[in-house]
Amino acid sequence: MKNFVQAGNNITALAPTGGVASGDPVLIGSLFGVAGTDAAEAAEVELATVGVYDLPKAALAVTAGAVAYFDASAGVVTTDDNMGSNLRVGIFVAAAADSATIGRVRLDGAAS
């Protein structure tokens with residue numbers, strides 16, 4: 001197909017303000033992914049947009065199957081959409097206690 005560009009599992013983007021470290025959750029508009037490498041602000045970085053990742057989690061209990069939202073101000077995934085302020089980024093695939101700092105999330109491929 002002559003108009004095919006790429007599968008889209010990884011997207012090249014420009015690192016946001018402050019740059020990113022490998023493994024960081026990154027939200028750029030409605031594009032959400034996990035940084036594949038360290039990148040300085042405005043440098044190109046590969047973002048994984050699908051797959052299952054361990055991400056920083058808010059201090060609340062989650063159940064497997066719960067919707068995962070990204071709280072950009074805190075840099076964590078949560079089950080709280082904060083009245084639409086936090087964008088949906090995936091589904092928690094494992095339960096985690098409120099004391100756990102990591103949540104295992106299957107990414108949706110976009111933030112909505």
field: From CA spacing to verdict: side-chain contact (heavy atoms from CB on, under 4.5 Å), F32, L87
entry: CA-CA 9 Å; F32 181 82; L87 298 177; over 6 Å; no
task: Verify side-chain contact (heavy atoms from CB on, under 4.5 Å) between T79 and F92, making sure each step is shown before the conclusion.
output: CA-CA 9 Å; T79 56; F92 287 97; 3.8 Å; yes
- request: Please test I11 against Q6 for side-chain contact (heavy atoms from CB on, under 4.5 Å), starting from the C-alpha separation and ending with a verdict.
  value: CA-CA 9 Å; I11 301 291; Q6 67 185 57; 3.4 Å; yes
message: Run N10 and L47 through side-chain contact (heavy atoms from CB on, under 4.5 Å) and show every step you take.
response: CA-CA 5 Å; N10 295 294; L47 299 179; over 6 Å; no
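A salt bridge does not link R88 to D81: none of the charged side-chain nitrogens sits closer than 4.0 Å to a carboxylate oxygen.
The two atoms that bring A13 and L31 nearest to each other are CB-CD2, 4.2 Å, heavy atoms only. Listed here is the closest heavy atom pair of R104 and V52: CG-CG1, 3.5 Å. When every heavy atom of T49 is checked against every heavy atom of G8, the shortest pair comes out as OG1-O, 2.7 Å. For the pair A21 and D38, the tightest heavy-atom approach, listed with the atom from each and the gap, is CA-OD1, 3.2 Å. Scanning all heavy atoms of the two residues, the minimum distance from V20 to A15 falls at CG2-CB, 4.3 Å. The shortest non-hydrogen separation linking G36 to S22 is O-OG, 3.3 Å.
Both L60 and V89 belong to a single network of hydrophobic side chains, linked directly or stepwise wherever heavy atoms of I, L, V, M, F, W or Y lie under 4.5 Å apart.
Taking 4.5 Å as the limit, every side-chain heavy atom of F70 sits out of range of all side-chain heavy atoms of N86. In this structure, P25 and P56 have side chains that are in contact, with non-hydrogen atoms separated by less than 4.5 Å. Between I91 and V105 the shortest side-chain heavy-atom distance does not fall below 4.5 Å. Residues T12 and E44 meet the side-chain proximity criterion, which asks for heavy atoms closer than 4.5 Å. Under the 4.5 Å side-chain criterion, counting only non-hydrogen atoms from C-beta, L107 is in contact with Y53.
Taking S73 as the reference, D71 meet the side chain to side chain donor-acceptor pair (under 3.5 Å) condition, with sequence neighbours excluded.
At least one donor-acceptor pair closer than 3.5 Å links the side chain of K57 to the backbone N or O of A97.
Exactly one of D24, L55, V26 qualifies for a side-chain contact (heavy atoms from CB on, under 4.5 Å) with V34. That residue is L55.
In this structure, E41 places its CD atom where more than 12 heavy-atom neighbours from other residues, nucleotides or ligands lie under 6.0 Å away.
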